[in-house]
J.: 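Once you've had a glance at the structure underneath, I'll fire off some questions.
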Amino acid sequence: GDSSGIHANSSVALATLSSVLALERHVGEWEAWQERMREEAAVMQEQCELAESRCREESAELAQVGQEVSSVASQAEAILQQGQSLRAAHESRCAEIWAEARECGVASGGL
């Protein structure tokens, strides 16, 4: 009878040992998976930070371009107004010259 009890205890011990080893392997796999997830999360975080940085840089560049466009538009408006003033002055001077020419023509009897 003793050998069958020892055999039964050995079987239980082997089954328990097998379960413990399987559980340790499972815990090891889970810890490795968890470490991979942490590494992937760190990489994703770094990529997000880089994307945010690029976005801020592009926003700043866009704001700069907007300011430059506004400046060029203001300059163009000023040049256009200056051109209109010059045209008005030119037309006014031409009208004066024509008036003088008519007066000269009238005075000399020609025009």
Side-chain angles (χ1 to χ4, degrees):
D2 266 2
S3 67
S4 68
I6 291 172
H7 183 67
N9 285 340
S10 294
S11 294
V12 169
L14 285 174
T16 302
L17 179 60
S18 177
S19 294
V20 167
L21 292 175
L23 183 59
E24 284 180 349
R25 188 171 54 249
H26 177 71
V27 167
E29 290 170 353
W30 183 79
E31 288 174 344
W33 175 82
Q34 195 175 29
E35 182 60 27
R36 280 195 311 273
M37 292 300 104
R38 274 194 289 268
E39 290 170 0
E40 287 182 22
V43 168
M44 287 181 189
Q45 178 68 29
E46 186 177 334
Q47 289 173 344
C48 285
E49 290 170 1
L50 288 172
E52 288 174 0
S53 176
R54 278 194 305 270
C55 187
R56 281 191 297 272
E57 289 172 7
E58 289 176 5
S59 292
E61 288 174 13
L62 183 60
Q64 178 65 31
V65 168
Q67 290 173 352
E68 290 173 7
V69 166
S70 178
S71 174
V72 168
S74 294
Q75 291 172 0
E77 180 66 24
I79 290 170
L80 182 62
Q81 288 176 355
Q82 184 180 12
Q84 291 170 344
S85 294
L86 289 172
R87 178 176 290 131
H90 171 74
E91 290 173 357
S92 175
R93 182 66 183 131
C94 285
E96 289 173 11
I97 291 171
W98 275 110
E100 290 173 9
R102 276 193 225 103
E103 286 177 18
C104 287
V106 168
S108 65
L111 294 174

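Residues: numbered from 1 along the sequence shown.
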J.: Hey, could you give me the CD/CG distance between Glu91 and Leu86, rounded to the nearest 0.5 Å?
T.: 11.5 Å

J.: When you look at Arg54 and Glu57, which way does the salt bridge (charged side-chain N to carboxylate O under 4.0 Å, His left out) test go after all the steps?
T.: CA-CA 5 Å; Arg54 278 194 305 270; Glu57 289 172 7; over 6 Å; no

J.: Ser85 side chain to Gln81 main-chain N or O, any donor-acceptor pair under 3.5 Å?
T.: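 A pair under 3.5 Å: yes.
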
J.: Could you tell me whether a side-chain N or O of Ser74 sits under 3.5 Å from a main-chain N or O of Ser70, the two making a donor and an acceptor?
T.: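 Pair found, side chain donor or acceptor close to backbone of Ser70.
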
J.: Nearest 0.5 Å, please: how far is CD in Glu46 from CG in Leu50?
T.: 5.5 Å

J.: For Gln47, check side chain to side chain donor-acceptor pair (under 3.5 Å) against everything at least two apart and list the hits.
T.: none

J.: Which atom pairs, donor and acceptor, lie under 3.5 Å between side-chain atoms of residues 19-37 and protein residues at least two apart or in another chain?
T.:
unit_1, atom_1, unit_2, atom_2, d
Ser19, OG, Ala15, O, 3.1
Glu35, OE1, Arg38, NE, 3.3
Glu35, OE1, Arg38, NH2, 3.0

J.: Donor-acceptor pair, distance only, cut-off 3.5 Å: does the side chain of Ser71 make one with the backbone of Gln67?
T.: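 Judged by distance alone, no pair lies under 3.5 Å.
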
J.: Evaluate side-chain contact (heavy atoms from CB on, under 4.5 Å) for Arg87 paired with His90, printing each intermediate quantity in order.
T.: CA-CA 5 Å; Arg87 178 176 290 131; His90 171 74; 5.5 Å; no

J.: Has the side chain of Ser59 got a donor or acceptor atom that lies under 3.5 Å from a matching backbone atom of Cys55?
T.: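 Yes; judged by distance alone, with no hydrogens or angles, the pair exists.
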
